[in-house]
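This one's a predicted model, so the numbers in the text were calculated from it and none came from an experiment. Note that ligands are numbered from 1 as they come in the structure, with each ligand's atoms numbered from 1 the same way. Note that the numbering runs from 1 along the sequence shown for the chain.
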Amino acid sequence: MRLSRLLLWTAAGAGVCDAVTVEELAHNVSRIESLREIKDVTSTFAQLAQFGRYADMAALFAPEGTLLWGNTSIQGPEAIKTWLEADAGDMNGRLPGSLDTMVLATPLVNLAVDGKTAEGRWNGWRFQGDGKGATRMRGGIWENEYSVTQEGRWEIGVMRYHELYEGGYEGGWRNVGGRDFGLVPEFHYSAEEAGVPIPRGVAGVVGEGPEGVGLGRRIEDLNDEDEVRNLQHAWGYYVDRRLWGEVGELFGSHSWGVLRVDNVGVFEGPGGIKEGLERWMGGEGLKQGVLNEHLIFDTVVKIRQEVDENVPDAERMADARGIEIGLVGDQEKGTASWRFSFFQSSFVRRNGIWQFLNVTIAPLVVANYSDGWGHGGVMPASTVDPVLLDYTTRGTNKPIAQTATADSLEELSRRLSRSYGYEGTESISNAYGFYIDFIDGAACSLMAAIHHPYANKESPFAGFYHTRQRVLEACTQAYGTSARPTRSAISFHWRPQPVIHVSQDGRSASLRARLLQPATDKTAGTIRGGMYHDQMVLDENGSWKLWSLTIDEFYWTMNSWKEGWGGVEVRDKDAPDQPPPRDLVRQYPPDLWLNEMEGEREVGFMGGRERYVSWPEIQRMWFGYRNPVSGGVPENGSYCPGCVPCYQHKPEWGMTKHGWQEPPTGPTLVRAMFAPGNGSSDDGMFISVSVTPGPGEVVEGVVRLVGEQVELEYVLTEKDEGRVTFELPRNLSGGFHLLEATFSGSNRLKPGRDLIDLTLPGGPGSRLGD
Ligand SMILES: *[C@@H]1O[C@H](CO)[C@@H](O)[C@H](O)[C@H]1NC(C)=O
Ligand SMILES: *[C@@H]1O[C@H](CO)[C@@H](O)[C@H](O)[C@H]1NC(C)=O
Ligand SMILES: *[C@@H]1O[C@H](CO)[C@@H](O)[C@H](O)[C@H]1NC(C)=O
Ligand SMILES: *[C@@H]1O[C@H](CO)[C@@H](O)[C@H](O)[C@H]1NC(C)=O
Ligand SMILES: *[C@@H]1O[C@H](CO)[C@@H](O)[C@H](O)[C@H]1NC(C)=O
Ligand SMILES: *[C@@H]1O[C@H](CO)[C@@H](O)[C@H](O)[C@H]1NC(C)=O
Ligand SMILES: *[C@@H]1O[C@H](CO)[C@@H](O)[C@H](O)[C@H]1NC(C)=O
Ligand SMILES: *[C@@H]1O[C@H](CO)[C@@H](O)[C@H](O)[C@H]1NC(C)=O
């Protein structure tokens, strides 16, 4: 270990430990690419099941790979294929009316120190039906192992599935075998390792590939993947609330977006897209009783290496695909149904901002809740050709366009650290969920250990506890201090569909994730949903930790499998506004009580203020970020950025008070416009550049206006309120000029850019006089 590090530094000829070397950067790039590919190979495994492509699933295993399904062990791709096929039988997604939707969600992946193997924990679901009446549901946890080939391709070494609950549709799922649970399975990571997906200590392996080749481009790909994944996931959260205005804005101001819903229609342009959304999911907004949850899983993102000439102003393009499970209906009308679909989307980056180009939603089975999907549901067979994305083209030994970059190694390292922050944030988010699943005295200390010493965390229906020590004590107050060897019921805490905003220096992040709560016991299961709004930080030891955790619950529930989400009675109007406080509130009072939080934030939540809102009533949905394309704040004023208790109540708990940057809340919009002069008598030409951040965010940073004959710069300070007017040089030659206005970004704000062109008389491209 030590030897390779020394070798590396000798090879790099760098004597200073702190200096960024190309080798170390290349090493880090390939490690992060590895993490992504491991997640993609697993998501692809799930995506293939929807089409019964068991041979292709088996081909994702290493030649000696093993599938451990409960106590059954199957070795080698050929045997795995045979087993998968036999296990699915007619529930294979291929026969008419059949369904095999498998999801692997909420990854927590740790690479080995040498970067050649990895372990990953996932939550799993599987919904199956044969179209002839038979159904099967299964849920459990995967603990997988991965390894990389000589050629740099990641393969599955071991898939270890621990089935925890199962059942047919009619009776719902229950604990496998009606048994109690032990701690199944053990975690492959320690609490410390949960926040370190790429282990520290080894700087690189000599000869790891062409040093520095295409690094700038590969880092840009990783950063762009983060943006595209956020965009796809943000889409889902707007869809859930039928915020069609917000969804429309995700297509940007170009008017030729396309929405295709298979067997429903193809809808184009802003009006068309709205019509398509309404036809498939109903009118704008949610009214009492309406559920429109469209859960997104297994999103694979691929950045294209070329842009499509036909797409105007395209800087870069990308595609994403994944699985969608819809839980929809109208309780007042007595309707409820399941929707199992896949989606394929294309994206374009314009002026540095990613936006949707088109979305295809392909429903495979849509079924009435009371009937279930056993007989194939109510939609005709899908007509969309499922195009899986080739996720194996990232990385050193793979064909990737190589472009020189003028950016310094320090700058590239900073950008890369932002993608590592995305990974660290997702890991620690899922670590939290996995510990809470098995919460008891022992898990309390693990759960607390993934918090920073100055973190704050909400205990549901009570309030926030500040400091890791108090988080721990609140937990042990509620769950005791000893391990519980068995339990008869589990409420799982899945945190899928993250939207993650990493700070400019890559050391902090804000996260939104679902709380998706499948529950099981010995008789029957249920599902319910809430929302997490968290912040994470990179600590002094290089480990990602929770900084702040807010839980908004529940937005929708089921009381029983039989009745589903449509069978929940409206809460008695005469019932008290709030139930009596949890015991915890008296026994170990929070540092900030939910019911003492002035303002709107906790209104309507149980334990919060005023009358709590309970499904099928519609509770207000909060957003911690702005629209990722338009930059607008959410409709209805439901905007609460950053750490929720810090925002209006406990600013001293905020991360900036402890040396971290506050992560951005959305894009920084830069607009360059021709401006009238300032009233002086001369007739110069002026261009004003405006930089628009989120509400309350201060614009500081450098604005540049640059073209072939123009190079102007201005340092914006708070007093400029995000605006500067430049006078163009008087001696510009005639003809066409393209000017780029850029904003450098700041500790808080993302960079931004805009283009403006002008044509002056006299030159070859002169258009004046038209
Ligand atoms: C590489 O990643 C490690 C953390 O895994 C970090 O400490 C180091 O600064 C990174 N180096 C570069 C050059 O990005
Ligand atoms: C698996 O094997 C163990 C030990 O032999 C046994 O206790 C357990 O019941 C088996 N589980 C299943 C699902 O068959
Ligand atoms: C669901 O099925 C039941 C029983 O067949 C039927 O009465 C009901 O109308 C169906 N609902 C929908 C939305 O199709
Ligand atoms: C979406 O746009 C991409 C890029 O132009 C194109 O390749 C794809 O065919 C389009 N899909 C649909 C459904 O329009
Ligand atoms: C970093 O590690 C040291 C040594 O293990 C420990 O004392 C310290 O508390 C850690 N820092 C944080 C923020 O956890
Ligand atoms: C806005 O929020 C309020 C309070 O939750 C709610 O009553 C109202 O229906 C919401 N309006 C829209 C358009 O969603
Ligand atoms: C108007 O703008 C010109 C060019 O930027 C500048 O020299 C002049 O001082 C400005 N006059 C006023 C009144 O601001
Ligand atoms: C315009 O004038 C500036 C300063 O006088 C000079 O540096 C620049 O080269 C000139 N540009 C052109 C296109 O003549």
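- Of the options V537, N541, L538, the smallest heavy-atom separation from atom 12 (C) of ligand 5 is shown by N541.
- Going from atom NE2 of H233 over to atom OG1 of T299 covers 3.0 Å, rounded to the nearest 0.5 Å.
- Interface of V20 with ligand 1, defined as ligand atoms under 4.0 Å from a residue heavy atom, comprises 13 (C).
- With D40 as the fixed residue, the side-chain hydrogen bond (donor to acceptor under 3.5 Å, both in side chains) test singles out one of K302, Q47, R394: R394.
- Of the protein's heavy atoms, D539 OD2, 3.8 Å lies nearest to atom 14 (O) of ligand 5.
- On a distance-only criterion, E540 and ligand 5 share at least one N/O pair closer than 3.5 Å.
- The shortest N/O to N/O separation between D308 and ligand 4 falls below 3.5 Å.
- Remark: ligand 4 atoms within the under-4.0 Å shell around heavy atoms of M317 are 4 (C), 5 (O).
- A donor-acceptor contact closer than 3.5 angstrom is absent between the side chains of E119 and N110.
- In this structure, I219 CD1 and L412 CG are separated by 4.5 Å, a value rounded to the nearest 0.5 Å.
- Between M655 and V537, the closest heavy-atom pair is CE-CG1, 3.7 Å.
- To the nearest 0.5 Å, atoms CH2 (W256) and CD (E268) are separated by 10.0 Å.
- Note: R418 CZ to S508 OG = 10.0 Å, rounded to the nearest 0.5 Å.
- Nearest-residue assignment for atom 9 (O) of ligand 1 (options E24, R31, E23; heavy-atom criterion): E24.
- Of all non-hydrogen atoms in I353 and P628, the two that sit nearest each other are CG2-O, 3.8 Å.
- Y420 CE2, 4.5 Å is the protein heavy atom nearest to atom 4 (C) of ligand 1.
- When each atom of ligand 1 is checked for a heavy atom of N28 under 4.0 Å away, the hits are 1 (C), 2 (O), 3 (C), 8 (C), 10 (C), 11 (N), 12 (C), 14 (O).
- Aromatic rings from W660 and H452 are positioned such that their centres are separated by under 6.0 Å.
- Atoms of ligand 4 lying under 4.0 Å from at least one heavy atom of R304, given by number and element, are 3 (C), 4 (C), 7 (O).
- In this structure, atom 2 (O) of ligand 4 is in close contact with the protein, since a protein heavy atom lies within 4.0 Å of it.
- Ligand-side atoms of ligand 1 in range of S413: 12 (C), 13 (C), 14 (O), range being under 4.0 angstrom from any heavy atom.
- Close approach of ligand 4 to S346 is summarised as follows: ligand atoms under 4.0 Å from at least one heavy atom of the residue are 1 (C), 2 (O), 3 (C).
- Residue nearest to atom 10 (C) of ligand 4, selected from V266, N358, V387: N358 (by heavy-atom distance).
- Residue-ligand proximity, T360 to ligand 4, at heavy-atom distances under 4.0 Å covers atoms 13 (C).
- Once rounded to the nearest 0.5 Å, the distance linking CD of E225 with CH2 of W354 reads 10.0 Å.
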